[in-house]
Amino acid sequence: MHCDALWHHLHLATMAEGSSYGAIEHGALAVADGRIVWLGPEADLPAGLRPEREYDGGGRWVTPGLVDCHTHAVYAGNRSDEFEARLNGVAYEEIARRGGGIVATMRATRAATPEALFAASRRRVANLLAEGVTTLEIKSGYGLDTATEAKMLRVARELGRLLPVRVHTTFLGAHALPPEYAGRADDYIQLVCDQMLPALVAEGLVDAVDAFCEGIGFTPAQTERVFQAAHAHGLRVKLHAEQLSDQGGAALVARYRGLSADHLEHLSPAGVAAMAAAGTVAVLLPGAFYFLRETRLPPVGALREAGVPMAVSTDCNPGTSPMPSMLAALNMACTLFRLTPEEALAGATRHAAAALGVQHEVGLLAVGREADFVLWDIDRPADLCHAMGFNPCWRVVNAGHVRLPAV
């Protein structure tokens, strides 16, 4: 068997179900044409394997490339003033009603040139890539008009073209009500469905559609209009659901066979059951929980019991989770939400890939999958969830191409 590269002297955390981390100690992995063509115990290497290049992993642990499945990484501006206000007792909802929050970032993003927006966003994405992220979702939603939403999504596509990362774009036009539509939420939703989405789809900028179903966002009825428009264009949906209150959003997105429902601090038993029946992934966002000092936990035990897959993501955004660090998200998922380290790592690989609809391409170390993987200077996989403030990433491989952590 010919292969482009053979990696040996490894411990493989394949993240396959059925055993702890899907571990293969003293393993090896072969790559050809950007995909994994063989992996297993090194003692079982095929006798006729003929690699063009060989790499010694030095006994390091290897995981699939991390998948950050919920980010708002493309934006302009800074909201540390709101951070200070919250610490002085002003509620997040009150900041939003005063014209802060999402609308503050909207104003900065509308004013930014594409070049400035790319430069600011590249720094955040580089942080994620240095910690082993190889697949990344980026949402729009800070433009709230057609021109700026398109600008954001073009920047997201450019990040994927110029950096070693697969970028999946999500249209989040129904993120907040722009000031020019104050008191006319239904008219704005009509704009999102009838003008914004068709224009962005025509330009090839949209992989999925999201909305913010919340008391300070959009109603379930308005959200359903967005979902119907997305389905008319053949696009999968996902939802910011049950973050601040129970609006029934999780059941709604499940009814549309949505990819994921995200946040979920106020998720009801009915919402859990609907997600389980639909196969909708629960995306847990501990960074926002931590940053907003929330006290109501997502119902992790109920999700676990129902067999709902749980992904973990950074929610990297300017106001409520300014945290471009998957390693911090893994630690918080364990310490705040009580996921086990294996659950958290599955949430950043296998289940996060499912939340993007790419579970047959990435998220596992398996024959036929993309050769996206990370070599870590750790003693065991749980180390990735254990400590905060250091990065044990040694090498990242994207589609078989080796790079250092820095980009």
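Values below: all heavy atoms of this structure, side chains included; hydrogens, waters and symmetry mates excluded. Keep in mind that this is a model prediction, so the values were computed, not measured.
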Check: Taking all non-hydrogen atoms of both residues, which atom of Ala355 and which atom of Val283 are closest, and how far apart?
Finding: CB-CG2, 3.9 Å
Notebook entry, point to check: Of all heavy-atom pairs between Gly57 and Leu375, which one has the smallest distance, and what is that distance?
Noted result: CA-CD2, 4.0 Å
Note to self: I'd like to know if the side chain of Gln247 reaches the main chain of Glu214, judged simply by a donor and an acceptor atom lying under 3.5 Å from each other, with no hydrogens or angles considered.
What the structure shows: no
Item checked: Step-by-step side chain to side chain contact (heavy atoms under 4.5 Å, CB included) determination, Val367 to Val37 -> CA-CA 5 Å; Val367 171; Val37 294; 5.5 Å; no
Note to self: Assess whether a salt bridge exists between Glu137 and Arg236, defined as any Lys/Arg side-chain N lying under 4.0 Å from an Asp/Glu carboxylate O.
What the structure shows: no
Note to self: I'd like to know whether NE2 of His233 has more than 12 heavy-atom contacts from other residues, nucleotides or ligands below 6.0 angstrom.
What the structure shows: yes
Checklist line | Pair Asp377 + Arg60: basic N to acidic O under 4.0 Å | finding: yes
Margin query: Between Glu158 and Arg154 (salt bridge meaning N to carboxylate O under 4.0 Å), is one present in this structure?
Written below: no
Next item on the list: To the nearest 0.5 angstrom, please state how far the CZ atom of Phe373 sits from the OG1 atom of Thr134.
Entry: 10.5 Å
Check: Distance from Leu345 atom CG to Leu339 atom CG, nearest 0.5 Å?
Finding: 11.0 Å
Notebook entry, point to check: Any donor and acceptor pair, going by atom type alone, linking the side chain of Thr14 with main-chain N or O of Ala366 inside 3.5 Å?
Noted result: no
Margin query: Other residues, nucleotides and ligands only: do more than 12 of their heavy atoms fall within 6.0 Å of CD on Glu84?
Written below: no
Checklist line | Check: Gly143 main-chain N/O paired with Lys151 side-chain donor or acceptor under 3.5 Å | finding: no
Check: Taking NZ, NE, NH1 and NH2 as the nitrogens, is one of them in Arg166 or Glu361 under 4.0 Å from a carboxylate oxygen of the other?
Finding: no
Note to self: Once you measure the plane-to-plane angle for His26 and His11, does it fall in the parallel (<30°), tilted (30-60°) or perpendicular (>60°) bin?
What the structure shows: perpendicular
Check: Does Glu203 reach the main-chain N or O of Ala150 with its side chain, forming a donor-acceptor pair under 3.5 Å?
Finding: no
Check: Rounded to the nearest 0.5 Å, how far does CD of Gln243 lie from CZ of Arg296?
Finding: 13.0 Å
Margin query: Given 3.5 Å as the limit, does a donor-acceptor pair link the side chain of Ser313 with the main chain of Leu285, or not?
Written below: no
Item checked: Pair Tyr181-Leu191, side chain to side chain contact (heavy atoms under 4.5 Å, CB included): steps then yes or no -> CA-CA 10 Å; Tyr181 277 85; Leu191 175 75; 3.7 Å; yes
Next item on the list: Examine distances only and state if a side-chain atom of Arg79 and a backbone atom of Thr320 form a donor-acceptor pair shorter than 3.5 Å.
Entry: no
Checklist line | Greater than 12 external heavy atoms within 6.0 Å of Arg184's CZ | finding: yes
Next item on the list: Test Leu297 against Phe289 for side chain to side chain contact (heavy atoms under 4.5 Å, CB included), laying out the working first.
Entry: CA-CA 8 Å; Leu297 292 162; Phe289 179 92; 3.5 Å; yes
Next item on the list: May I ask you to decide if Ala91's main-chain N or O and Glu94's side chain share a donor-acceptor pair within less than 3.5 Å?
Entry: no
Note to self: Please find the pair of heavy atoms, one from Gly40 and one from Ile24, that lie closest to each other, and give the distance.
What the structure shows: C-CG2, 3.8 Å
Margin query: Could you report the tightest heavy-atom contact between Leu239 and Asp210, atom names first, then the distance?
Written below: CA-OD1, 3.1 Å
Next item on the list: Output yes when a side-chain donor or acceptor of Asp207 lies under 3.5 Å from a complementary backbone atom of Thr170, and no otherwise.
Entry: no
Margin query: Do Leu327 and Met388 make a side-chain contact, defined as non-hydrogen atoms from C-beta onward lying under 4.5 Å apart?
Written below: no
Next item on the list: Determine the minimum heavy-atom distance between Ala174 and Val226, stating which atoms define it.
Entry: CB-CG2, 4.1 Å
Checklist line | OH/Tyr290: more than 12 non-hydrogen atoms of other groups inside 6.0 Å | finding: no
Notebook entry, point to check: Sub-3.5 Å donor-acceptor pair from the side chain of Arg122 to the main-chain atoms of Leu163, do we have one?
Noted result: no
Item checked: Between CH2 on residue Trp7 and CG on residue Leu29, distance to nearest 0.5 Å -> 9.0 Å
Check: Would you call the rings of Phe291 and Phe83 parallel, tilted or perpendicular, where under 30° means parallel and over 60° means perpendicular?
Finding: parallel
Notebook entry, point to check: Which residue pairs pass the ring-ring contact (aromatic ring centres under 6.0 Å, His included) test with at least one member in residues 245-287, sequence neighbours excluded?
Noted result: His70-His263, Phe227-Tyr256, His231-Tyr256, His240-His263
Margin query: Quick check for you: to the nearest 0.5 Å, what is the distance between Ile138 atom CD1 and Ser121 atom OG?
Written below: 7.0 Å
Margin query: How long is the straight-line distance from SG of Cys316 back to CE of Met326, given to the nearest 0.5 Å?
Written below: 11.5 Å
Notebook entry, point to check: Do you know the tightest heavy-atom contact between Ser268 and Asp246?
Noted result: CB-OD2, 3.4 Å
Notebook entry, point to check: Any side-chain heavy atom of Met310 within less than 4.5 Å of one from Val281?
Noted result: no
Margin query: Is the distance from the ring center of Trp61 to that of Tyr21 below 6.0 Å?
Written below: no
Next item on the list: Considering only NZ, NE, NH1 and NH2 on the basic side and carboxylate oxygens on the acidic side, decide whether Asp194 and Arg225 come within less than 4.0 Å.
Entry: no
Check: Is it true that a side-chain atom of Arg107 and a backbone atom of Gly100 form a donor plus acceptor pair closer than 3.5 Å?
Finding: no
Next item on the list: Kindly indicate, with the supporting measurements, whether the criterion side chain to side chain contact (heavy atoms under 4.5 Å, CB included) is fulfilled by Asp4 and Asp33.
Entry: CA-CA 7 Å; Asp4 299 327; Asp33 297 322; 4.1 Å; yes
Checklist line | Evaluation steps, side-chain hydrogen bond (donor to acceptor under 3.5 Å, both in side chains), between Gln195 and Thr146 | finding: CA-CA 8 Å; Gln195 295 185 38; Thr146 305; 5.4 Å; no
